[in-house]
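Here the structure is laid out as structure tokens; the discussion comes afterwards.
Side chains included, hydrogens not; waters and symmetry mates left out as well; all remaining heavy atoms used.
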Amino acid sequence: MINEIQFVLFFANETMYKLSKMGFLIKEKFPEIGEAIILPINIEASQENNQPFIIFNQNPNLQILANFNNIRITVKNSFIIRLEEIVFTILKLFLEEDVALVRVGYVPSLMFDANKKNDFKTSCMNSNIFMDTIDFQFSWLKKLKFDNININCWERSISDSDNFDGLLKMYDFNTCMNQDIIIDKKFIKSFLSFCNRYIDQEN
């Protein structure tokens, strides 16, 4: 069962837009998200720092962070079934502001019960080195072929007996850099379908 999803739209290099205007437009489309916090632009912060300038964090089930590198949409509970609607609305807002989009990322988190945790330990932790293991975090990267492009797929399997009994699995699907992709509704819908089919096959 998916219990949290993050979806990321990545902007082209040297992207700029009006922060207050975009914050207003997002709030106008999703009033349940609460008020935006608009932070001053820190020109000394490196691009890799990925510091947000627009923060919507008042609704625990729908949160949005944005800067000039990307916009990250996080949904939980009833908002999960609205993911496509929310992403397509945000996409349209940025395209109307002539912001070029070059990549996407999809990060669903799934919580499984203790049986799944035991199955994972049996299949992946059968070396003696893991005999006394209490908790674990495993991750690996695969390259997947989607249509004519490559997709990175990180898979993480995590146990944390202090906080939950089962197995947390996190997938991080993202399109590779420097690929010629038209990021539109059709592409995103196909991308999500491909990723979800992969998850279903793996579980």
Side-chain angles (χ1 to χ4, degrees), residues 1-12 15-42 45 49-112 154 156 158 160 163-164 166 168-175 182-200 203:
M1 176 182 176
I2 295 178
N3 60 350
E4 180 177 303
I5 296 174
Q6 183 179 98
F7 194 91
V8 186
L9 295 165
F10 294 91
F11 307 139
T15 289
M16 297 288 286
Y17 56 86
K18 294 180 180 178
L19 300 176
S20 57
K21 179 180 180 181
M22 193 55 65
F24 172 80
L25 291 173
I26 293 171
K27 170 68 186 300
E28 188 176 48
K29 294 294 184 182
F30 304 105
E32 65 270 50
I33 201 172
E35 298 297 327
I37 300 171
I38 309 295
L39 298 179
I41 299 171
N42 181 1
N49 188 25
N50 211 24
Q51 175 183 335
F53 301 137
I54 303 175
I55 301 173
F56 286 99
N57 64 0
Q58 294 178 355
N59 186 332
N61 297 313
L62 173 59
Q63 302 199 349
I64 293 177
L65 304 175
N67 53 31
F68 297 134
N69 301 326
N70 58 61
I71 179 164
R72 285 168 279 164
I73 304 159
T74 303
V75 292
K76 298 179 182 178
N77 297 319
S78 62
F79 284 90
I80 287 177
I81 62 172
R82 295 179 56 191
L83 176 68
E84 285 193 7
E85 168 211 339
I86 295 166
V87 170
F88 293 160
T89 300
I90 298 295
L91 173 72
K92 186 172 185 288
L93 291 177
F94 278 93
L95 291 178
E96 288 175 347
E97 294 297 308
D98 295 321
V99 173
L101 302 162
V102 294
R103 295 176 61 217
V104 295
Y106 174 53
V107 187
S109 299
L110 299 84
M111 183 63 71
F112 294 96
W154 279 100
R156 297 176 174 88
I158 301 166
D160 183 352
N163 293 298
F164 53 86
L168 174 63
K169 295 195 75 170
M170 299 176 65
Y171 291 86
D172 184 347
F173 301 93
N174 56 80
T175 54
I182 298 174
I183 306 297
D184 57 12
K185 287 176 63 173
K186 180 180 178 182
F187 176 85
I188 291 173
K189 185 177 283 287
S190 296
F191 174 77
L192 286 172
S193 295
F194 174 85
C195 296
N196 287 329
R197 284 196 304 272
Y198 180 85
I199 293 172
D200 290 342
N203 295 289

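Residues Ile183 and Leu91 come closest through the heavy atom pair O-CD1, 4.0 Å. Minimum heavy-atom separation, Ile158 to Phe164: O-CE1, 3.8 Å. Heavy-atom minimum distance, Arg103 versus Thr175: NE-O, 2.7 Å. What you find for Gly23 and Phe56 is that their closest heavy atoms are O-CZ, 3.3 Å. The minimum heavy-atom distance linking Pro40 with Phe53 is given by the pair O-CD2, 4.1 Å. When every heavy atom of Val102 is checked against every heavy atom of Phe11, the shortest pair comes out as CG2-O, 3.6 Å.
Residues Leu93 and Met22 have side chains in contact (heavy-atom distance under 4.5 Å, counting atoms from C-beta outward). Using a 4.5 Å heavy-atom threshold, the side chains of Leu9 and Val104 count as touching. Residues Asn196 and Phe173 form no side-chain contact, since every pair of their non-hydrogen atoms from C-beta on lies 4.5 Å or further apart. Using a 4.5 Å heavy-atom threshold, the side chains of Gln6 and Val8 count as touching.
Annotation: the span from Arg72 atom CZ to Ile55 atom CD1 amounts to 9.5 Å, rounded to 0.5 Å. In this structure, Phe94 CZ and Ile26 CD1 are separated by 5.0 Å, a value rounded to the nearest 0.5 Å. The CD atom of Gln51 lies 10.5 Å from the CG atom of Asn69; values are rounded to the nearest 0.5 Å. Expressed to the nearest 0.5 Å, how far CG of Leu168 lies from CD of Glu4 amounts to 9.5 Å. A distance of 10.0 Å separates CG in Asp184 from CG in Leu101, rounded to the nearest 0.5 Å. Expressed to the nearest 0.5 Å, how far CG of Asn77 lies from CZ of Arg82 amounts to 13.0 Å.
Ile73 is linked by a side chain to side chain contact (heavy atoms under 4.5 Å, CB included) to Leu62, Ile64, Val75, Ile86, Val87, Ile90, counting only residues two or more places apart in sequence or in another chain.
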Please lay out, stage by stage, how Lys27 and Ile33 fare under the test side chain to side chain contact (heavy atoms under 4.5 Å, CB included). CA-CA 7 Å; Lys27 170 68 186 300; Ile33 201 172; 4.3 Å; yes

Could you go through the side chain to side chain contact (heavy atoms under 4.5 Å, CB included) check for Asp172 and Arg156 one step at a time? CA-CA 8 Å; Asp172 184 347; Arg156 297 176 174 88; 3.9 Å; yes

Go through Lys92 and Thr89 one step at a time and tell me if the side chain to side chain contact (heavy atoms under 4.5 Å, CB included) criterion holds. CA-CA 5 Å; Lys92 186 172 185 288; Thr89 300; 5.9 Å; no

Mind running side chain to side chain contact (heavy atoms under 4.5 Å, CB included) on Val99 and Phe68 for me, showing each step along the way? CA-CA 10 Å; Val99 173; Phe68 297 134; over 6 Å; no

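Not one N or O on the side chain of Tyr198 forms a donor-acceptor pair closer than 3.5 Å with the backbone of Ser193. Here the side chain of Asn59 pairs a donor or acceptor atom with the backbone of Glu32 at under 3.5 angstrom. Judged purely by atom type and a 3.5 angstrom limit, Thr15 uses its side chain to pair as donor or acceptor with the backbone of Ala12. Formation of a donor-acceptor pair under 3.5 Å by the Asp200 side chain with backbone atoms of Asn203 is not found in this model.
Taking the six-membered ring where tryptophan is involved, the planes of Phe7 and Tyr106 are tilted, since the angle between them lies from 30° to 60°.
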